[in-house]
Amino acid sequence: MKHTVKWRQGLVGVGLLSVTTASLAFDDEVISRGEYLARAGDCVACHTAPDGEPFAGGLAVESPFGAIYSTNITPDSETGIGDYSRDEFAAALREGERADGKHLYPAMPYPSYSLITDEDIDALYAYFMEGVAPVENTPERTDLSFPFNQRWGIGLWDWLFTNDETFSPDPERSDEENRGAYLVQGLGHCGSCHTERGLFFQEKALDDSDDAFLSGEVLEGWYAPSLRGSGDGGRAIERWDDQAIVDYLATGRNDESAVAGEMTSVVAHSTSHLNESDLQAIAAYLNSLGSQGDRPLITDAQVDETDAMLTRADVENDLGARLYLDNCNACHFSNGRGAAQVFPSLSGSSMVNADDPTGMIRVILAGARLPSTEQRPEALAMPDFAWRLSDEEVAKLATFVRGAWGNDAGEVSASAVADVRDELPDDRVTSAPVIDD
Amino acid sequence: MARTESPVDVVLVGFGWTSAIMGMELTDAGLNVLALERGEDRDTVPDFAYPKMADELTYGVRYKLMQRPAKSTLTVRHNVGDMAVPYRHLGSFLPGDGVGGAGTHWNGHTWRPQPQELRLKSYVEENFGADIIPDEMTIQDFGVSYDELEPFFDYFEKVAGISGKAGNLNGEIQEGGNPFEGWRSDEYPMPPLARTYNDTLFADVARSEGYHPFPLPAANASVAYTNPYGMQLGPCNFCGFCERYGCLNYSKSSPQTCILGALKRRENFSYRTQSEVLRVELDSDGERAIGVTYIDPEGNEVFQPADLVILGAYSLHNVHLMLVSGIGTPYNPETGDGVVGKNYAYQMNGGSSLYFRDKEFNPFIGAGGNGEVINDFGVEQIDFAQEGFIGGSYINAAMTNGQPIRNMPLRAGAPSWGEGWKQAVQETYGHVMSIGSHGSNMSYRDCYLDLDPNYTDDHGRPLMRMTFDWKANDVRMTQFMKQKIDTLSKALGPDDYRLSFKDFDTRYDVRPYQTTHNVGGAIMGTDPSSSALNRYLQSWDVHNVFVMGASAFPQNLQYNPTGLVGALAYWSAKAIREQYLPNPGPLVQA
C-alpha cells in the first residue's frame, strides 16, 4: 500500500519540500494526527480503485441498488476536493452533503462519521489538504436507476435515519470505554457491516442504546459477526478477552481466529495502524456491550468426541470427515483447534457456524491470506481447494466441519458450492500443480 | 552494451538465508538494499502448498527446487592430474535454486560447532602436537572464537525458531541436553519435537551403553512460535516431506517463514528474480567493487552499481564468482600459494540400517529434524593422538520420512527387482530404523576449487572445477564410528542390520546423494596469505566485498553447517554496521 507520508518524504528527496512548505498552513503534528484518523476511518479502502492511486477514487462499492463509485478525495482542485473549505469538508463527512449541495449516497458512512469531533475534522482536513498528494482522476460516475438516482430522496432518508450530534461521552462509562465508543461508532464505522440493516437499508442502530447495534449481519454472503462481547458467554468474538480483540485488530490473527473476507482489508489498511491504547479502548468498549449469543457454549467433551473419531481415522462412512483428514488436518489438526496465532480454530468459529455458509465455502474454494502487518509481517495463507475438490466434496467437507467439535450449523448443499464457485474471480492465485514434464 | 540500473547501497547476490539476514541488518542500518536471485520467486502458498509439495517424483526424484545442471554446474575430478568432467546429473549434493535457496529444501538440523572446532589447528597443536597433523592436511583456525559468536548463534536460533534441549546453559550441564556442546546463554526457543519410536529405542540403548542421548536440534517447530521479527511458525505435523521439499505447513524454518515477510515490507529493500549475477565488477586498480553484472529475465546483460557487494549465493557459487571476478589470488596446489579455491571440504558420513521383524516404526511419521543423538565421539571428545585421526562425529537415529520411491530399505541379500523385490519391500517397509554417523572432513593441499580449462557455461564463463577425494585420516575417523555404531546396532537387537561406511579404497562418487554440505574455497582466517576472507568475512583484497556461507569454513565441522552460517552472517553484519559503514576499508589490517 502506498502511503502519503512517503509522498512527502519523496519531496524532501527531490528537493521540492521548500516549494511545498511555503503553502503549508498546518502543523506537521496536526497533519500526522489527521493521517492517523484517516486510518481509523479507513478512507483509503473505499476511495482507492484496484491498482489506483491512494484516495483518487473509482472503487465500485456494490449496493443493492447498483454500483456506487467512490470519489476522488485527493486535494486536486479539478477532480478532487482541493477547493473544499474546512466546513464543506465537515459537511461531506458528517452530513453526507457535497460542496455543491447535493447528497452523497450513504455508502459513505456519514451516519457514523457524524460523531467526529470538530478537532478531529480539523486534523482530517489538514491531512487531506496537505498530507495527501493531489491526483488528477475523474472516477466513473455513479449512475443508479430510478428512483435511486434521485439524490434529493436521500435528504428524507437522512432526516429519518441519521442524527447530527457529534460524539458526547457517556458519563457512566470510563474514559477508555468512551474512547472506544467514539472509534467504534464514529470513524471506525463498524456498524456499517456488523449492524443489521432495516427495510430502508439503514443500520438499525447507530449506537449502543439499542441491542441491535453490532449484533451481526450478512454482507454478500460473508457473515460479519456480532461484536457484542462480554469476555465470557457466547461464541467467537463474543467471548474473546480484550487481548484477543486487540491481537485480531492489530495483526489479523489471535489465539483462535484469523481474518478472512472483507475484514482482511480493514485490518491491513485501518486497524493494524491504530495504536495500542486505541485498540485496548475498542476492546474495552466491545466487551462492555453484553452478548446476546443464543448458541450454547462448546464443551471440551464435544471437541474431544470429534478429535477421537478423527484420531482413530474412523471415517469410512463419512466422506466429509475423510476429506477433512486428507485436506485440512495438517494445519487445523484433529481437535479442530489449529495453533494459536498461526492456524485458526474451526471449533466455534463464527465463519464456520454462520447460517449462510458462503464465506466458509469461499475460503475452502479460493483459500485465504492474512494481511502482512507491522507486528505480524507474515502473510500466512491457506491454499485454494477449488481445483481439487468437487462441489459435492466441498459440500460434504463443509457439512462435516459445521457439525464437528461442537459446531452446530446446518448442512451445505452442492448447489450452494456451485454458486460460490461461479463467482470466483478468474485471476485468483492458485496452488494447483502444473505438470510440466 | 550492458544496461545500467540506478545505483544501490548494497547488492546481495543470491537470496537465501544469508542474504535475507543481511537484508534485515543492512536495511536496519538505513541502506538501500537490492537482492539478485537467479531462480524463481517462491512462497509457501502457492509454491509449496499442500498437496502439491508432497510429490516425491517431482521434487524428491526430479529435483524441481534444485539448480538445473544444464544451466549451472561444475566439473569434478579426484586428483590434480586427472581431467575433470561435468556434474551433469544431480547426485552427491543438491544446490538450491530460487528465493530461499537451499534454506527451503533442507531438513533443518541446526547445530553450533564445538568451541575447539573453530580453532582446530591450534587445538590440535596445543593438545596433541603439530606433528600429528599429516603433511598434506591444511586445516586452519577460523579466526573467530566461539565466545565471540555465542550471541549470534543465540540470535540465529531465535530467528530460525529451533526446537531442542540445551545441554550447557552458561556452563551448567543440563539433564537431557548435549553435555558436550559449547555454553549457551539461553535455552532453545522451542522444546524438542515429539519423540518417535526410533528415538526412544536409540535413547534407551545409548543410555545403557553409558552415552548421553539428546534430541537433535531441529528447525522444525514443535509448537506455534513467533520470532523476533514477528514471523511465525506453526507446529510440525510430521508429514515427512522436509528434505528436497519446501514446507507446506509453515513449520520448517526457512527464509520464507522466518524473514522474508518482514523484509519485503521495507521500502529500502527490493529484489529481482531470474537475475543471474555473472561477475563482480572491480574498479581499474582492482581494489574496490563497483557493482555486479547480471543477466535479466529477458536475457539482457545489466550492470548494477553498488557500494557494497555481499556474495550470499551457495558456497560453490560464491567461490566461482570470486574466481571469475578476479577477487583474491587463485589457489595453486603445487606451491600452496594463493587462497581462492583453497581447502574445499565435504562431510564424512556412514550409517547402519536395522531391520526388526516385530517392530513397527511408521516411518511416514517423520520430520527433517527428528532424531536422537549422542555426541560422545565429538571432535572434543576424541584423543586424536591415540586414535590416529583428527575429527569426530555425532551419531544419531533419525526418522525423516517414509517416502515410497526412495525409502524402500531392503534386507541384505534381498532381490533388487521383480517378484522377490516386491515381497522383500512388503516385509521390510516400516520395520527399519537407522543409525547414522555425521562426521567432520579435514582440508587437504590437493582438495580445492579452481576454474576448469576445458568447459564453459552458457555465458562463456569457465566452469568451476572441484578436485576432491577421500583421505585416510577421515576414513580412519569413519571406521572408528563404524565400530561404535556396530556395538549400538547389536545392542538394539535387530533381526539383522547392515553397515555402510567408507573404507580405505572408497573413492569419492558424485552419483549417490551424500550431503549438501560443500564447504571451503573462500575461507576465513587471520592471515591474507592463507585465507581469502578476514574474520568478518570481508575479502582481504577487495574491501567492499563480503562473502557469506560455508565457503568460509577452513575445514568441515562434524555438524551440519547452517547454524554456523547463520551466526557468521549476523557476526559479519554487526561488523559492517558498526565498523565498516562509519569507516569503509579493511576491517583487519594485514
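Below, chains carry the letters A, B, ... as their sequence lines are ordered, and counting in each starts from 1. None of these values were measured; they are calculated from a predicted model.
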If you tally heavy-atom pairs under 4.5 Å against chain A, which of [options] wins?
options                                : value
B:Leu248, B:Thr226, B:Val223           : B:Thr226
B:Met231, B:Gln256, B:Lys264           : B:Met231
B:Asn249, B:Leu260, B:Leu263, B:Asn237 : B:Asn249

Under a 4.5 Å heavy-atom cut-off, does chain A meet the side chain of B:Phe48, its backbone, both or neither?
neither

Heavy-atom proximity to chain A below 4.5 Å, by part of B:Asp43:
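Just the side chain, heavy atoms under 4.5 Å.
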
In Å and rounded to the nearest 0.5 Å, what is the CD1 to CE distance from A:Ile361 to A:Met351?
11.5 Å

Which of A:Pro433, A:Ala330, A:Ala340, A:Ala432 touches chain B most, by non-hydrogen pairs under 4.5 Å
A:Ala330

Using a cut-off of under 4.5 Å for heavy-atom pairs, which of A:Arg388, A:Gln341, A:Met382 has the most such pairs with chain B?
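The answer is A:Arg388.
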
Mind checking whether B:Ser253 and B:Leu233 have side chains closer than 4.5 Å, heavy atoms only?
yes

Which answer fits [X], side chain, backbone, both or neither, if we ask what part of it has an atom under 4.5 Å from a heavy atom of chain B?
X        : answer
A:Gln375 : backbone
A:Asn329 : neither
A:Thr430 : backbone
A:Ala381 : both

Determine yes or no for a side-chain-to-main-chain donor-acceptor pair under 3.5 angstrom, with B:His105 supplying the side chain and B:Asp97 the backbone.
no

Quick check: does any side chain N or O of A:Ser265 sit under 3.5 Å from a backbone N or O of A:Met263, one acting as donor and the other as acceptor?
no

Could you tell me if the ring centre of B:Trp17 sits under 6.0 Å from that of B:Tyr570?
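No, they do not, as the ring centres are separated by 6.0 Å or more.
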
Please check if the distance between the ring centroids of B:Phe15 and B:Phe269 is under 6.0 Å.
yes

Indicate the ring-plane relationship of A:Tyr127 and A:Phe55, choosing parallel, tilted or perpendicular according to the 30° and 60° boundaries.
perpendicular

Could you go step by step and tell me if A:Arg322 and A:Asp318 meet the salt bridge (charged side-chain N to carboxylate O under 4.0 Å, His left out) rule?
CA-CA 6 Å; A:Arg322 184 177 71 68; A:Asp318 186 343; over 6 Å; no

